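Here the structure is laid out as structure tokens; the discussion comes afterwards.
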Amino acid sequence: MSVWQAAMTTSKIMALSKASNLGFTALRCFSVSPGRLSSKKECKVLIVGGGSGGCALAAKLSSKLGKNKVILVDPADKHYYQPMFTLVGGGMKSVAQSCKPMSQVLPKNIEWLQEKAQTFDPQNNTVTTATGKEIKYDMLLIAAGLQLNYSKIPGLVEALAIPNGKVCSIYSPMYVDRTYDCLRNIKEGNAIFTFPDSPVKCPGAPQKIVYIAEHYFRKNNKRNKINIAYNTALPVLFGVKHYADALWPIVRKRNIQVNTRRNLIEVKPENDTAVFVNLDKPEEKFEEKFSMLHVVPPMSTPDELSKCKELVNAAGFVDVDKSTMQHVKYSNVFAIGDCSASPNSKTAAAAAAQSPVVYKNMLAVLNGKSCKKSYDGYASCPLVTGYNTCILAEFDYNLNPLETFPVPQNKERYSMFYMKKDLMPLLYWHVMLNGYWNGPALMRNAMSIFNFAKK
């Protein structure tokens, strides 16, 4: 063997040895990869969704069950206090004030998987995430909320992407700032506000922004040049007659045109035109020019949830008993908040009232007992009617008033506005998300002795 051949042979041996070591190192790193080791997980309680209900129950359950017994799955890095978006749209609050990092609002003794729940398998008690992690649970709480389907209205997403455009929406942190911009930019013409033909979160919000806008136009001396129309897919102004009867005089006094059963089906940003359909006569379509268009998008439960037909009803909502919030088929599955099929108004206040019921019933089932706690359908909607007034609507499953305070709540009051603007955010961040707020039932009972003031 020549010196050159020997050198080459030695070089090859060293290269093979190095490659072998690299391969072993890579294999070793792969085998101990945290992702691989944790591709299968188990927990006592799995919570899907880190919104109002998910956070509140995570705090309650983890405090009771102890460290690392609860896993919460949610891909978001920020938690938004969505009831504040109406105020952001009116320039009374900022987007920054409406959110906090998710890591700050979740309890420390749970495991948070910052991923999306992709597949639900209730027969095998598992949920699989978008990255393939399979989580096996003893009990599942679905708190997935509603998704905003802006793309289901042709032309809407394109219109919302136009810088300094005329189309806005308070329902998404992506677009909420555009609403105040639109209020400032419009000089004259038609300001149109919509309510979609679908379930929505906080069904009072679509008209709250109408009242705020009208007040803004008056304050800035341009109201007489702007026509305001509220086009709602509903057959009524508000679902609870007690409060609708109080709202109708307001819209008449402020010259707000209300068109019921009118649904937005297309936006034409190239010529500032909105296309509506008469839901009672689908052959009738209307094209309306706008100088400002506020759109509430159609909503639904997340696609990943609605495709699991074992868990949801025909409308895609988690099929629960409306009293116990327990799934009608799977006793170890519960739901809370907007994604549940309970026929209550979808509000943060409803989630707060549901939270003690869901918590107690989940613990009962974990202990082999039956559900005893019952939810009465309580929901609250602070109907902001301007920059200093609010009607606090509170009601139950039967759409009967279920009011907390010993004064008539179907009247515009500054006190209710102050509570909505300044007190409720504090209550939300510091009490509800920590699992301590169960709705105003105790306060209502305590104040009932003063109800003579309403008479």
Side-chain angles (χ1 to χ4, degrees), residues 49-56 58-59 72 74-106 112 114 143-148 150 160 167-184 193 200-213 215-216 294-297 299 337-339 345-352 355 379-388 390 392 416-437:
S52 304
C55 281
L72 186 142
D74 193 301
D77 59 351
K78 292 181 180 179
H79 179 106
Y80 288 93
Y81 176 49
Q82 297 178 57
M84 191 178 284
F85 286 176
T86 309
L87 303 180
V88 175
M92 291 176 265
K93 296 283 187 178
S94 68
V95 176
Q97 290 174 300
S98 72
C99 70
K100 290 187 178 184
M102 185 71 82
S103 58
Q104 290 184 13
V105 300
L106 292 176
W112 170 35
Q114 194 175 359
L146 296 180
Q147 68 181 17
L148 307 175
Y150 285 97
L160 287 167
V167 181
C168 58
S169 177
I170 60 168
Y171 268 84
S172 168
M174 290 178 59
Y175 306 127
V176 64
D177 275 337
R178 291 175 62 96
T179 306
Y180 191 50
D181 290 339
C182 284
L183 295 183
R184 289 179 291 184
F193 300 79
V200 299
K201 59 178 77 178
C202 192
Q207 63 181 286
K208 295 179 196 179
I209 193 62
V210 180
Y211 303 131
I212 291 172
H215 193 179
Y216 179 87
H294 177 270
V295 180
V296 178
M299 302 176 202
D338 298 350
C339 69
S345 184
K346 307 302 184 184
T347 67
S355 66
S380 172
C381 185
L383 292 157
V384 177
T385 55
Y387 281 80
N388 53 18
C390 177
L392 181 60
M416 301 304 178
F417 175 81
Y418 170 72
M419 184 172 66
K420 160 70 176 175
K421 180 174 177 286
D422 297 318
L423 297 184
M424 286 184 177
L426 294 174
L427 181 72
Y428 183 82
W429 292 121
H430 300 291
V431 186
M432 180 177 174
L433 294 188
N434 291 325
Y436 301 128
W437 177 245

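Positions are given from 1, in the same order as the sequence printed here. All heavy atoms count here, side chains included; hydrogens, waters and symmetry mates do not. Model, not experiment: these values are computed from the prediction.
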Nearest-0.5 Å distance, [atom1] of residue [X] to [atom2] of residue [Y]:
| X | Y | atom1 | atom2 | value |
| --- | --- | --- | --- | --- |
| Leu148 | Tyr171 | CG | OH | 9.0 Å |
| Met299 | Asp338 | CE | CG | 9.0 Å |
| His215 | Asn388 | NE2 | CG | 5.5 Å |
| Thr179 | Ile170 | OG1 | CD1 | 6.5 Å |
| Cys182 | Ile209 | SG | CD1 | 10.0 Å |
| Asp422 | Phe417 | CG | CZ | 7.5 Å |

Close side-chain approach of [X] and [Y], heavy atoms under 4.5 Å:
| X | Y | answer |
| --- | --- | --- |
| Leu106 | Cys55 | yes |
| Tyr81 | Lys100 | no |
| Val105 | Trp429 | yes |
| Pro382 | Met419 | no |
| Asp77 | Gln114 | yes |

Validation: residues 88-95 side-chain donor-acceptor distances under 3.5 Å, sequence neighbours left out:
from, atom 1, to, atom 2, distance (Å)
Lys93, NZ, Lys421, O, 3.3
Ser94, OG, Gln97, N, 3.2
Ser94, OG, Gln97, OE1, 3.4

Under the side-chain hydrogen bond (donor to acceptor under 3.5 Å, both in side chains) rule, collect the residues that match up with Lys201, sequence neighbours excluded. Gln82
Residues at least two apart in sequence or cross-chain that pass side-chain hydrogen bond (donor to acceptor under 3.5 Å, both in side chains) with Tyr211, listed by chain then number, are Gln207
Which heavy atom in Ala349 sits nearest to a heavy atom in Ser380, and how many Å separate them? CB-CB, 3.5 Å
Looking only at heavy atoms, the pair that brings Ile212 and Tyr387 closest together is O-CE1, 3.4 Å
Do the side chain of [X] and the main chain of [Y] share a donor and acceptor less than 3.5 angstrom apart?
| X | Y | value |
| --- | --- | --- |
| Asp74 | Ala76 | yes |
| Trp437 | Tyr428 | no |
| Lys208 | Cys390 | no |

Phe85 and side chain to side chain contact (heavy atoms under 4.5 Å, CB included): which single residue from Cys202, Ser172, Pro173 fits? Pro173
For Arg178, is there an ion pair with Asp181 - N to carboxylate O distance below 4.0 angstrom? no
